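The analysis underlying the following values was restricted to heavy atoms, covering all of them including side chains, and did not include hydrogens, waters or symmetry mates. Since we're looking at a predicted model, the values are computed, not measured.
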Amino acid sequence: MLRPTKSEIEAGIIDRAAALFAQHGFAHASLSQIAEAVGYSKAGLLHHFPSKQAIYDAGIRTLREHAEEMLESVKGLPVGRERDLAVVEASVAFAFEQPGISALGNRIALDPDPNDQEMNEIGFIMYEAIGIDLQKLELDRIIRVTCAFSGLGITANLAVRTKQTKEWRASMVAATMNALGHRQP
């Protein structure tokens, strides 16, 4: 059996820490809790990351990279069903692959800090990916997107925890598309 690479180990640390940040908030998630969650001593954890802030920053960087990759993948698609489906499928895949970071993104979206420029930029990237024009706000569309992706985030987290990702994937995509206004034939 192959041993995980350093980058795989660090990705696991970041994701598990992000889940703790989502659950407890940055201030209330300790290095000791993170170390315990990943099966390291505090010193072992600090071998990979110099501080709790460095782990958090890596999680936010991963979230931003995901948003940028998703936007890039749909830029050529017109706003509508095909683009929405591509964003939904990419969001489900990300939530299943990196549930902690996905949960952190959801938590921050629920309690936004207007002074957190990095998270605001990530939000704008996500809005652009799903085709929301912030110059022409459409209240119905913003409500649909918010409901759809909030529900997707919660459901993806539950699917991961119950190990039902394969079984739930198609229904999650269909339900999210329905919430966005794209009824299945």
Side-chain angles (χ1 to χ4, degrees), residues 11-29 33-34 37 55-74 79 81 83-114 116 118-132 134 138-184:
I13 291 170
I14 294 165
D15 192 63
R16 287 187 195 92
L20 290 170
F21 297 143
Q23 183 178 4
H24 303 292
F26 177 79
H28 300 291
Q33 287 174 311
I34 296 168
I55 300 169
Y56 180 82
D57 291 345
I60 297 302
R61 230 180 356 267
T62 302
L63 187 60
R64 183 182 185 104
E65 288 167 2
H66 162 68
E68 290 172 342
E69 288 170 8
M70 186 173 6
L71 174 59
E72 192 58 36
S73 74
V74 298
V79 173
R81 186 180 199 298
R83 184 175 182 140
D84 286 357
L85 181 59
V87 171
V88 168
E89 288 178 338
S91 296
V92 170
F94 182 77
F96 285 172
E97 292 165 11
Q98 299 192 44
I101 295 171
S102 179
L104 180 61
N106 291 334
R107 160 103 185 211
I108 293 170
L110 292 173
D111 188 20
D113 176 354
D116 187 342
E118 180 74 13
M119 283 309 299
N120 290 328
E121 288 174 11
I122 293 169
F124 294 146
I125 293 167
M126 293 299 294
Y127 275 151
E128 187 178 350
I130 198 70
I132 291 179
L134 294 175
E138 297 175 37
L139 185 60
D140 182 64
R141 176 72 171 158
I142 289 175
I143 291 170
R144 285 180 175 279
V145 166
T146 302
C147 289
F149 284 91
S150 296
L152 183 146
I154 292 166
T155 307
N157 184 280
L158 184 57
V160 168
R161 282 191 286 131
T162 60
K163 298 180 180 9
Q164 298 290 311
T165 56
K166 289 179 184 161
E167 296 82 355
W168 290 23
R169 180 183 293 266
S171 293
M172 286 175 57
V173 169
T176 305
M177 290 299 288
N178 284 341
L180 291 171
H182 304 293
R183 297 267 177 230
Q184 295 285 5

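Contacts of E128 classified as salt bridge (charged side-chain N to carboxylate O under 4.0 Å, His left out), with partners at least two apart in sequence or in another chain: none. L139 is linked by a side-chain contact (heavy atoms from CB on, under 4.5 Å) to I143, counting only residues two or more places apart in sequence or in another chain. Residues forming a side-chain contact (heavy atoms from CB on, under 4.5 Å) with R64 (at least two apart in sequence, or on another chain): E68, E118, E121, I122, I125.
The shortest non-hydrogen separation linking M172 to L152 is CE-O, 4.0 Å. Summarising the geometry of M177 relative to D84, their closest heavy-atom pair is SD-C, 4.0 Å, with the distance given to 0.1 Å. Closest of all the heavy-atom pairs between P99 and V160 is CG-CG1, 3.9 Å. Summarising the geometry of H66 relative to A90, their closest heavy-atom pair is CE1-O, 3.8 Å, with the distance given to 0.1 Å. Taking each heavy atom of A67 and M126 in turn, the nearest pair found is CB-SD, 3.6 Å.
Atom CZ in R81 sits 10.0 Å away from atom CG in L180 (nearest 0.5 Å). In this structure, M119 CE and L63 CG are separated by 5.0 Å, a value rounded to the nearest 0.5 Å.
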Could you tabulate the donor-acceptor pairs under 3.5 Å formed by side-chain atoms of residues 12-28, not counting sequence neighbours?
{"residue": "D15", "atom": "OD1", "partner": "G100", "partner atom": "N", "Å": "2.9"}
{"residue": "D15", "atom": "OD1", "partner": "I101", "partner atom": "N", "Å": "2.9"}
{"residue": "D15", "atom": "OD2", "partner": "G100", "partner atom": "N", "Å": "3.3"}
{"residue": "R16", "atom": "NH1", "partner": "G12", "partner atom": "O", "Å": "3.4"}

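Between D140 and R144 a salt bridge is recorded (basic side-chain N to carboxylate O distance below 4.0 Å).
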Exercise. Check step by step if side-chain contact (heavy atoms from CB on, under 4.5 Å) holds for R83 and I130.
Key: CA-CA 7 Å; R83 184 175 182 140; I130 198 70; over 6 Å; no
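Within the structure, the side chain to side chain donor-acceptor pair (under 3.5 Å) test picks out the following pairs touching residues 157-178 (sequence neighbours left out): N157-R161. The side chain to side chain donor-acceptor pair (under 3.5 Å) contacts involving residues 90-107 comprise nothing, where partners must be two or more places apart or lie in separate chains.
Formation of a donor-acceptor pair under 3.5 Å by the S150 side chain with backbone atoms of C147 is not found in this model.
The shortest distance between side-chain heavy atoms of V173 and V92 falls below 4.5 Å.
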